[in-house]
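These notes concern the structure reproduced below.
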Amino acid sequence: QVQLVESGGGLVQAGGSLRLSCVAAGRAFTISPMGWFRQAPGKERTFVAGIRGSAGITSYADSVKGRFTISRDNAKNTVYLQMNSLKLEDTAVYYCAGKRFYDGNYRADGMDYWGKGTLVTVSS
């Protein structure tokens, strides 16, 4: 079994930055890829960023390209999401997720493991 625990959320002004962390425990880094998703109030959970493979191939939603960066530290079993130039519309609960193998996409319904989420609130 794999447990994912997110941290790093909080309140930040528009234009500011936050770094989210996701620590994986259990059969941790047998899982790849890893991804970040977010869910705003009243909306569905959507893909934000993903990272897979030994080369750390990354993918991003169009809405965050150029502002967010996903990375991983295998020695620490941790995945990060660096969020810069935050906008009001980035306000959401951010979830870390993983799956046992990459099948070509980061669909939320295809992820095998989920954290409980961390709230990011961007204020004006």
Side-chain angles (χ1 to χ4, degrees):
Q1 195 52 274
V2 175
Q3 298 82 41
L4 303 176
V5 179
E6 305 95 335
S7 63
L11 176 64
V12 63
Q13 284 192 323
S17 298
L18 279 177
R19 189 177 79 158
L20 306 183
S21 300
C22 171
V23 178
R27 294 176 56 203
F29 268 54
T30 60
I31 55 172
S32 178
M34 297 287 293
W36 287 95
F37 293 74
R38 67 187 181 187
Q39 187 166 19
K43 295 189 177 181
E44 65 181 18
R45 194 172 299 187
T46 59
F47 170 74
V48 174
I51 188 165
R52 68 185 192 273
S54 58
I57 299 169
T58 57
S59 301
Y60 296 95
D62 288 343
S63 58
V64 307
K65 281 180 181 176
R67 300 189 299 122
F68 291 10
T69 302
I70 188 171
S71 61
R72 68 191 299 169
D73 184 334
N74 290 340
K76 296 182 178 180
N77 284 352
T78 301
V79 176
Y80 303 98
L81 184 68
Q82 178 66 43
M83 305 186 295
N84 299 329
S85 302
L86 282 160
K87 303 176 180 180
L88 296 178
E89 53 264 41
D90 294 319
T91 294
V93 177
Y94 283 72
Y95 296 90
C96 177
K99 58 198 303 183
R100 287 182 291 270
F101 61 91
Y102 184 65
D103 56 359
N105 64 70
Y106 287 96
R107 290 171 56 93
D109 59 5
M111 306 304 283
D112 298 311
Y113 309 104
W114 289 91
K116 293 184 178 181
T118 185
L119 177 62
V120 172
T121 303
V122 183
S123 66
S124 59

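Phe101 and Met111 are members of different hydrophobic clusters when ILVMFWY side chains are connected at heavy-atom separations under 4.5 Å. Placement of Phe37 and Leu86 in two distinct hydrophobic clusters is found when ILVMFWY residues are connected by side-chain heavy-atom separations under 4.5 Å, directly or transitively. A continuous path of ILVMFWY side-chain contacts below 4.5 Å connects Tyr94 to Val64, so both sit in one hydrophobic cluster. Side-chain heavy atoms closer than 4.5 Å link hydrophobic residues (I, L, V, M, F, W, Y) into clusters, and following such links, possibly through other members, connects Val122 to Phe68. Taken together through direct or relayed side-chain contacts under 4.5 Å among Ile, Leu, Val, Met, Phe, Trp and Tyr, Val2 and Met34 form part of one hydrophobic cluster.
Of all the heavy atoms in Ala92 and Ala40, the pair that sits closest is CB-N, 3.8 Å.
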Next item on the list: Check the pair Leu20, Trp36 against side chain to side chain contact (heavy atoms under 4.5 Å, CB included), reporting the backbone distance first and the verdict last.
Entry: CA-CA 9 Å; Leu20 306 183; Trp36 287 95; 3.6 Å; yes
Notebook entry, point to check: When you look at Val48 and Tyr60, which way does the side chain to side chain contact (heavy atoms under 4.5 Å, CB included) test go after all the steps?
Noted result: CA-CA 6 Å; Val48 174; Tyr60 296 95; over 6 Å; no
Notebook entry, point to check: For Val120 and Leu18, what are the C-alpha separation, side-chain angles and deciding distance, and is it a side chain to side chain contact (heavy atoms under 4.5 Å, CB included)?
Noted result: CA-CA 9 Å; Val120 172; Leu18 279 177; 3.9 Å; yes
Next item on the list: Would you sort out whether Asp103 and Arg107 count as a salt bridge (charged side-chain N to carboxylate O under 4.0 Å, His left out), showing the intermediate values?
Entry: CA-CA 10 Å; Asp103 56 359; Arg107 290 171 56 93; over 6 Å; no
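Side-chain contact between Thr69 and Leu81: absent, with no pair of heavy atoms (C-beta onward) separated by less than 4.5 Å.
The line from CZ of Arg72 to OG1 of Thr58 is 12.0 Å long, rounded to the nearest 0.5 Å. Atoms CG and CE, from Asp90 and Met83 in turn, are 7.5 Å apart once rounded to the nearest 0.5 Å. Taking CD of Gln3 as the reference point, atom CG of Asn77 lies at 11.5 Å (rounded to 0.5 Å). Atom OG1 of Thr91 and atom CG of Leu119 lie 8.0 Å apart (nearest 0.5 Å).
Within 6.0 Å of atom CD in Gln13, 12 or fewer heavy atoms from other residues, nucleotides or ligands are found, so the atom counts as exposed in its surroundings.
Residues forming a salt bridge (Lys or Arg N to Asp or Glu O under 4.0 Å) with Arg19 (at least two apart in sequence, or on another chain): none. Applying the ring-ring contact (aromatic ring centres under 6.0 Å, His included) test to Tyr106 and every residue at least two apart in sequence or in another chain returns Phe47, Tyr102. By the salt bridge (Lys or Arg N to Asp or Glu O under 4.0 Å) test, Arg52 pairs with no residue at all, sequence neighbours left out.
Side-chain N or O atoms of Ser63 include none that pairs as donor or acceptor with a backbone N or O of Ala61 at under 3.5 Å. The main-chain N or O of Arg100 is found under 3.5 Å from a side-chain atom of Asp112 such that the two form a donor-acceptor pair. The backbone N or O of Ser85 sits less than 3.5 Å from a side-chain atom of Arg67, completing a donor-acceptor pair. A distance-only check finds a donor-acceptor pair linking the side chain of Glu6 to the backbone of Gly117 [under 3.5 Å]. Here the side chain of Tyr95 pairs no donor or acceptor atom with the backbone of Gln39 at under 3.5 angstrom.
Evaluation of the side-chain hydrogen bond (donor to acceptor under 3.5 Å, both in side chains) test over residues 114-124, restricted to residues two or more places apart or in two chains, returns none. For residues 38-94, there are no disulfide (SG to SG under 2.5 Å) pairs, not counting sequence neighbours. Applying the disulfide (SG to SG under 2.5 Å) rule to pairs touching residues 74-124 yields Cys22-Cys96, sequence neighbours excluded.
Side chains of Ser17 and Asn84: a donor-acceptor N/O pair is present below 3.5 angstrom, by distance only.
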